[in-house]
Colleague: 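Quick one: the structure is below, and I'll ask about it shortly.
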Amino acid sequence: MGAGLAGIRCAHKLWTDHNLMATIYEWDDRVGGRVETLRNFFANGQIVEQHGEFISSEHASMLALASRYNLQLDLANNYPANTTDVYWFNGGYYTQAQLNADWQKFGYALFKKAVAQAPWPTRYFRYKQTAYQWDHMSVAD
């Protein structure tokens, strides 16, 4: 496994849950995978994590890990009262309610069809041709 967040977390979980020691191999000269700490990039010594993911309130494992190591998290949902999330899509506003309705109309059926064509689990040495083709498609395709 590499020294990105997933690899380090996997090694940590193997150790803490199963007392198994893992070796981490990293091809780059720094740890972090796609997440990289930017120091001396912004004025006044501000430090940021480039490519870090938003931690949803549904990510119980990640929140428990942050709590275990007393890591401080910034609350990102402190919007004013009575505000509504709105997206900009195809040249216009698109509300969460519209997104939910569209998901119910066709998104879920499309998702179920995709899962049937490339069923879980897809592995490096065990996969269906559809999974391979999708893995090699561009985002636009």
Side-chain angles (χ1 to χ4, degrees), residues 1-18 20-141:
M1 65 192 79
L5 291 176
I8 291 172
R9 175 62 173 139
C10 181
H12 177 261
K13 191 110 173 104
L14 286 170
W15 177 254
T16 57
D17 288 5
H18 305 288
L20 295 172
M21 189 179 300
T23 302
I24 296 175
Y25 296 95
E26 178 56 52
W27 72 273
D28 204 346
D29 61 353
R30 65 170 186 79
V31 300
R34 65 183 171 92
V35 176
E36 182 176 0
T37 303
L38 295 181
R39 293 180 171 87
N40 303 318
F41 186 81
F42 293 103
N44 303 321
Q46 183 180 11
I47 298 172
V48 297
E49 301 300 328
Q50 183 178 17
H51 306 121
E53 181 184 350
F54 168 78
I55 301 173
S56 168
S57 61
E58 298 164 344
H59 293 163
S61 179
M62 183 59 72
L63 293 170
L65 189 62
S67 176
R68 177 180 182 158
Y69 292 102
N70 296 316
L71 299 175
Q72 182 180 358
L73 301 175
D74 293 330
L75 184 60
N77 66 341
N78 40 351
Y79 299 113
N82 301 317
T83 60
T84 304
D85 283 338
V86 177
Y87 308 96
W88 186 259
F89 180 74
N90 207 20
Y93 287 112
Y94 192 62
T95 67
Q96 185 67 49
Q98 290 170 309
L99 175 65
N100 293 345
D102 286 345
W103 173 254
Q104 292 299 321
K105 274 193 272 186
F106 69 90
Y108 184 69
L110 186 65
F111 174 76
K112 276 184 72 170
K113 182 179 175 186
V115 168
Q117 290 177 332
W120 183 263
T122 297
R123 303 274 194 254
Y124 184 74
F125 288 117
R126 197 176 105 219
Y127 53 84
K128 290 201 172 192
Q129 185 62 29
T130 304
Y132 180 86
Q133 289 170 336
W134 288 352
D135 198 37
H136 291 82
M137 289 172 72
S138 70
V139 173
D141 290 337

Colleague: In terms of heavy-atom contacts, does CG of N40 have more than 12 from other residues, nucleotides or ligands at under 6.0 Å?
Modeller: no
Colleague: Where does the angle between the aromatic ring planes of W103 and Y108 fall among parallel (under 30°), tilted (30 to 60°) and perpendicular (over 60°)?
Modeller: perpendicular
Colleague: Looking at every heavy atom in both I24 and G7, which two are closest together, and how far apart are they?
Modeller: CD1-O, 4.3 Å
Colleague: Please name the pair of heavy atoms, one in S61 and one in R9, separated by the smallest distance, quoted to 0.1 Å.
Modeller: OG-NH2, 3.3 Å
Colleague: What distance separates L65 CG from K13 NZ, expressed to the nearest 0.5 Å?
Modeller: 9.0 Å
Colleague: For the CE atom on M21, are there more than 12 heavy atoms of other groups (residues, nucleotides or ligands in this structure) within a distance under 6.0 Å?
Modeller: no
Colleague: Roughly how far, to the nearest 0.5 Å, is the NZ atom of K105 from the CG atom of L110?
Modeller: 14.5 Å
Colleague: What's the spacing between L5 CG and M62 CE if we round to 0.5 Å?
Modeller: 6.5 Å
Colleague: Going by the side-chain hydrogen bond (donor to acceptor under 3.5 Å, both in side chains) test, which pairs reach into residues 91-101, not counting sequence neighbours?
Modeller: Y87-Q96, Y94-D102, T95-Q98, Q96-N100
Colleague: For Y69, give me all partners under ring pair (Phe, Tyr, Trp, His ring centres under 6.0 Å), at least two apart in sequence or on another chain.
Modeller: H12
Colleague: Looking at CZ of F106 and NZ of K113, how far apart are the two atoms once the value is rounded to the nearest 0.5 Å?
Modeller: 13.5 Å
Colleague: Go through it in stages, so that I can follow the logic: the residues are Q117 and W134, the test is side chain to side chain contact (heavy atoms under 4.5 Å, CB included), and I'd like the CA-CA distance, side-chain angles, deciding distance and then a yes or no.
Modeller: CA-CA 10 Å; Q117 290 177 332; W134 288 352; 3.2 Å; yes
Colleague: Taking R30 for the side chain and G33 for the main chain, is one N or O donor matched with an acceptor at less than 3.5 Å?
Modeller: yes
Colleague: Report yes if some heavy atom in the side chain of R68 is under 4.5 Å from a heavy atom in the side chain of T16; otherwise report no.
Modeller: yes
Colleague: In terms of heavy-atom contacts, does CD of Q129 have more than 12 from other residues, nucleotides or ligands at under 6.0 Å?
Modeller: yes
